[in-house]
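Inspection log for the structure reproduced underneath, given as structure tokens.
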Amino acid sequence: MQSPAGQNYLSRKITARLSRDLNTRITAQNVNIALFNRVSLQGVLIEDRQQDTILYAGSLNLRITDWFFIKDKIELKYIGLDNAVIRLQRDDSVWRHQFILDYFGGSGKSQNKSSSTELNLKKVVLNHVRIEQRDAWFGRNMNIGIGSLNLDANYVDFNDLDADIEKLVIEQPDFLIYDYAGKRPRKTNANTGKQKTPVAISNDSTLKWNAAGWVVNAKLVELKNGRFRSQRAGVQPSSWFDGRYIDFHDIQTRFESVNWTDDTIKANMFLSTKERSGFEVKKMGASVFVNPTEMVFAKMEIRTNNSVIRDYYRMSFDDFSALNDYIHAVQMEGNFDHSEIDSDDIAFFAPALSSWKKNITINGRIRGTVDDLVARGLEIEAGPNSYLNGDISLTGLPDINQTFIDFKANEFRTTYESAVTIVPALAKVTTPDLRKLAYLRFNGSFTGFIRDFVTYGTFQTNLGNVKTDLNMKLPAGNAPVYSGTIESDYFKLGELLNDKQIGALAIKGSLKGRGFHVSNRNAEIDGVIPFVEYNDYKYNNIKVKGRLDRKLFEGEAAIQDPEVSLALNGLIDYKESPSDRGKEVLMQLMKEKQEILNL
């Protein structure tokens with residue numbers, strides 16, 4: 001039995017017996033056993049009953065406790081595996097390797113922990129190992145490739161399901177998930193009548209990742225030059241980050257002080273990686289908490305292409321497949337502490353924002369999904385000219401034009417140039433002429449969409465200050481629609497409307513109508529105008545209640561001006577023709593002050 005010939009003869013007998021019993025092919029090209037603590041196998045092959053490989057190992061080496069078969073405590077001092085492939089497949093509900101588990105009494109479930117023999121593992125070395133799982137029943141393939149793996153353990157106790165690892169280093173890990181339409185029938189939701197997507201995990205245990213209940217501690221786990229891909233059949237990847245076609249490469253990761261208990265993994269993580277879209281995590285450090293339904297990053301600092309993000313971030317989801325639909329299916333919770341986010345980095349995930357070209361500083365708390373986001377105590381500074389302080393909720397991102405905004409502003413300030421880079425649609429609004437608003441400050445509330453909103457608060461601009469409780473609609477290609485109250489001590493209305501006849505005014509009253517330009521305005525007005533500048537004359541003490549339709553006013557008006565005393569109830573036509581009768585009557589009523597009034 002000590003001779004190679006004898007050992008290989010015995011190996012052939014054993015593999016032939018197993019092949020016959022299992023009705024498949026099992027072979028080993030060479031066997032070398034040193035009495036009684038070393039085993040070396042070359043060319044080990046196990047096939048399934050479809051004559052496809054389950055396991056191929058170019059070389060398997062074991063070092064074990066001397067005379068292990070007569071001892072209660074057995075130590076696997078060394079396991080070495082080179083050039084190996086493990087292939088797990090199924091086309092229906094039964095895995096192709098299940099017959100092997102059944103033969104040796106395994107069912108995939110944890111067995112009773114009590115045993116008279118204790119088994120402990122010390123060192124594992126793997127080189128060029130690949131695990132391939134093809135699950136045509138569920139519709140998911142997973143491939144795991146390892147260039148090399150080196151495990152040094154103080155102990156791995158298979159009886160107590162407890163491990164204390166000194167160091168685990170994996171080089172060139174490559175992980176691929178590929179989803180496609182599976183053969184498994186989808187269950188129908190009794191309430192909605194819609195089909196449910198089957199869940200990949202079928203273990204009876206409530207634990208999804210750690211059904212046996214292992215407790216694992218590790219001082220260091222390190223991944224070098226790794227790659228992670230997640231793809232869906234039929235998807236043509238876009239040039240930006242696409243959750244349906246993820247490809248992270250050059251992954252360098254260190255996990256320190258790792259603890260894995262039940263389904264929860266805790267560690268201090270340091271990571272860098274690049275994604276095919278061009279997005280790069282140059283450096284990331286955090287205390288990490290991960291389980292099948294959430295990921296938490298505390299004491300976090302992430303440095304990307306142009307951004308630095310701090311300090312806490314949490315994602316929760318039904319399962320990891322939700323990351324493929326990040327915008328809608330992942331609940332976020334974050335606390336930003338002097339985070340500096342470049343809009344070009346955001347554009348990798350929301351390409352509609354690629355034109356922003358802003359460096360954004362953020363403080364505050366957020367929660368919700370990308371398409372239903374709430375922020376409290378938020379401070380955002382976007383470049384030198386835009387600042388926001390308040391509470392905001394956004395429903396509908398990443399399309400800002402379809403996003404419902406509920407904003408309570410302690411302070412908001414911006415310029416026209418900054419605003420149109422964030423909301424390009426504003427550049428298409430010609431009436432009023434928003435370009436004349438060189439700067440704007442606002443405190444109050446803003447509720448609605450970019451083109452249909454209610455604003456309540458105070459605006460401070462280069463044209464003057466305005467208090468509003470106003471509903472404003474800015475339909476593309478059509479005149480603005482408005483209703484509400486407005487108050488101002490001084491505002492250069494003519495500049496905003498591009499009307500040279502009108503200067504500044506003060507006003508307190510209500511407005512309801514459509515259009516601002518003389519060619520399309522139609523508005524109901526009810527209020528007091530302490531003064532208004534018209535044709536370079538300042539009219540004082542005006543009360544007005546009526547409708548202004550282009551240049552036609554119908555209603556009540558009264559003026560108590562040093563040069564004009566007027567009260568009327570009727571129709572006034574402000575057409576430019578000097579022969580217009582309405583204008584002649586108005587001039588007469590104004591005590592023939594035409595020259596003073598520049599009429």
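Computed from a predicted structure; not experimentally measured.
At a threshold of 4.0 Å, the pair Asp311-Lys299 does not count as salt-bridged, since none of the basic side-chain nitrogens sits closer than that to a carboxylate oxygen. Taking the charged nitrogens against the carboxylate oxygens, Asp179 and Arg140 do have a contact shorter than 4.0 Å, which makes a salt bridge. Arg314 has a carboxylate O that lies under 4.0 Å from a charged side-chain N of Glu294, or vice versa, which qualifies the two as a salt bridge. Between Arg435 and Asp433, at least one side-chain nitrogen of the basic residue sits less than 4.0 Å from a carboxylate oxygen of the acidic one, meeting the salt-bridge criterion. Taking the charged nitrogens against the carboxylate oxygens, Asp342 and Lys357 have no contact shorter than 4.0 Å, which rules out a salt bridge. A salt bridge is absent between Glu524 and Lys512; no separation between the charged side-chain nitrogens and carboxylate oxygens falls under 4.0 Å. Using a 4.0 Å cut-off between charged side-chain N and carboxylate O, Glu554 and Arg547 make no salt bridge.
Listed here is the closest heavy atom pair of Glu280 and Asn305: N-OD1, 2.8 Å. Pairing each heavy atom of Thr414 with each of Ala419, the nearest pair is OG1-N, 3.9 Å. Heavy-atom minimum distance, Lys274 versus Asp250: CD-OD2, 3.9 Å. Of all the heavy atoms in Ala479 and Gly515, the pair that sits closest is CB-CA, 3.8 Å. In terms of heavy-atom proximity, Ile251 sits nearest to Phe228 at CD1-N, 3.6 Å. Taking every heavy atom of both residues into account, Phe255 and Val258 meet most closely at CB-CG2, 3.6 Å.
More than 12 non-hydrogen atoms from other residues, nucleotides or ligands lie less than 6.0 angstrom from CG of Asp391. Crowding of Tyr456 atom OH: a count of heavy atoms from other residues, nucleotides or ligands under 6.0 Å not exceeding 12. No more than 12 heavy atoms of other residues, nucleotides or ligands shown are found within 6.0 angstrom of NE2 on His338.
For Tyr312 and Phe297, the distance between ring centers is not under 6.0 angstrom.
Note that OH of Tyr178 and OG of Ser230 are 11.5 Å apart. Values are rounded to the nearest 0.5 Å. Between the CG atom of Asp247 and the CG atom of Leu176 there is a distance of 9.0 Å, given to the nearest 0.5 Å. Leu463 contributes atom CG, which lies 4.5 Å from atom OG1 of Thr461 (distance to the nearest 0.5 angstrom). Within the model, atoms OG1 of Thr369 and CD1 of Ile327 stand 9.5 Å from one another, a figure rounded to the nearest 0.5 Å. Asn335 contributes atom CG, which lies 9.0 Å from atom CE of Met300 (distance to the nearest 0.5 angstrom). Between atom NZ of residue Lys543 and atom CG of residue Asp526 there is a gap of 11.0 Å, rounded to the nearest 0.5 Å.
A donor-acceptor pair is defined here as one N or O able to donate and one able to accept, closer than 3.5 Å; no such pair exists between the side chain of Arg413 and the backbone of Tyr439. Ser386 contributes no side-chain N or O that, together with a main-chain N or O of Glu381, makes up a donor-acceptor pair within less than 3.5 Å. Ser488 places a side-chain N or O within 3.5 Å of a backbone atom of Asn465 that can act as its donor or acceptor partner.
Residues Pro432 and Pro480 are in side-chain contact: their nearest non-hydrogen atoms beyond the backbone lie under 4.5 Å apart. Met332 places a side-chain heavy atom less than 4.5 Å from the side chain of Tyr326. Residues Asn522 and Leu548 fail the side-chain proximity criterion, which asks for heavy atoms closer than 4.5 Å. Residues Ile450 and Ile400 are in side-chain contact: their nearest non-hydrogen atoms beyond the backbone lie under 4.5 Å apart. Looking only at side-chain heavy atoms (C-beta outward), Leu470 and Thr485 stay at 4.5 Å or farther from each other. For the pair Tyr245/Arg276, a side-chain contact is recorded, criterion being any heavy-atom separation below 4.5 Å from C-beta on. Trp209 is listed as a side-chain neighbour of Pro292, based on a closest heavy-atom distance under 4.5 Å. Ile302 is listed as a side-chain neighbour of Val281, based on a closest heavy-atom distance under 4.5 Å.
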Go through the steps to decide whether Arg367 and Glu333 satisfy the test salt bridge (charged side-chain N to carboxylate O under 4.0 Å, His left out), and finish with yes or no.
CA-CA 4 Å; Arg367 59 179 173 82; Glu333 180 183 343; over 6 Å; no
Just do the side-chain contact (heavy atoms from CB on, under 4.5 Å) check on Arg521 and Asp499 with the steps written out, would you?
CA-CA 12 Å; Arg521 65 190 175 199; Asp499 190 332; 4.2 Å; yes
May I have the step-by-step check of side-chain contact (heavy atoms from CB on, under 4.5 Å) for Ile362 and Ile360, ending in yes or no?
CA-CA 6 Å; Ile362 300 180; Ile360 304 165; 3.8 Å; yes
Verdict with supporting geometry, Asn359 and Glu340, side-chain hydrogen bond (donor to acceptor under 3.5 Å, both in side chains)
CA-CA 7 Å; Asn359 187 271; Glu340 300 170 13; 5.4 Å; no
Before giving the answer on side-chain contact (heavy atoms from CB on, under 4.5 Å), spell out for Ser418 and Lys358 the whole-Å C-alpha distance, their side-chain angles and the decisive distance to 0.1 Å.
CA-CA 9 Å; Ser418 296; Lys358 295 287 185 182; 3.2 Å; yes
Would Phe446 and Phe453 count as a ring pair (Phe, Tyr, Trp, His ring centres under 6.0 Å) if you check the C-alpha gap in whole Å, the side-chain angles of each, and the deciding distance to 0.1 Å?
CA-CA 7 Å; Phe446 177 104; Phe453 57 85; 4.7 Å; yes
Verdict with supporting geometry, Ile341 and Ile309, side-chain contact (heavy atoms from CB on, under 4.5 Å):
CA-CA 7 Å; Ile341 302 175; Ile309 304 172; 4.2 Å; yes
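Side chain to side chain, Thr293 and Asn291 meet the donor-acceptor criterion of an N or O pair below 3.5 Å. Residues Asp372 and Thr395 have side chains that bring a donor and an acceptor to within less than 3.5 angstrom of each other. Side-chain atoms of Lys266 and Ser287 include no donor-acceptor pair closer than 3.5 Å. If you check the side chains of Tyr387 and Glu379, you find a donor sitting under 3.5 Å from an acceptor. In this structure, a donor-acceptor pair under 3.5 Å is absent between the side chains of Arg550 and Asn520. A donor-acceptor contact closer than 3.5 angstrom is absent between the side chains of Asn540 and Lys538. Between the side chains of Thr304 and Asp345, a donor-acceptor pair is found at a separation under 3.5 Å. Under the 3.5 Å distance criterion, with hydrogens and angles disregarded, a donor-acceptor pair is assigned to the side chains of Asn498 and Lys436.
In this structure, Tyr539 and Tyr537 have perpendicular ring planes: the angle between them is above 60°, well past the 30° mark.
Residue pairs that meet the ring pair (Phe, Tyr, Trp, His ring centres under 6.0 Å) test with at least one member in residues 481-507, sequence neighbours left out, are Tyr482-Phe516. Under the ring pair (Phe, Tyr, Trp, His ring centres under 6.0 Å) criterion, the residue pairs touching residues 271-291 are Phe279-Phe348, Phe279-Phe349, with sequence neighbours excluded.
Looking at Asn389, Asn410, Leu388, Asn363 one by one, the single match for side chain to side chain contact (heavy atoms under 4.5 Å, CB included) with Leu378 turns out to be Leu388.
For Phe442, the side chain to side chain contact (heavy atoms under 4.5 Å, CB included) partners two or more places apart in sequence, or in a different chain, are Ala409, Phe412, Leu440, Thr455, Phe459.
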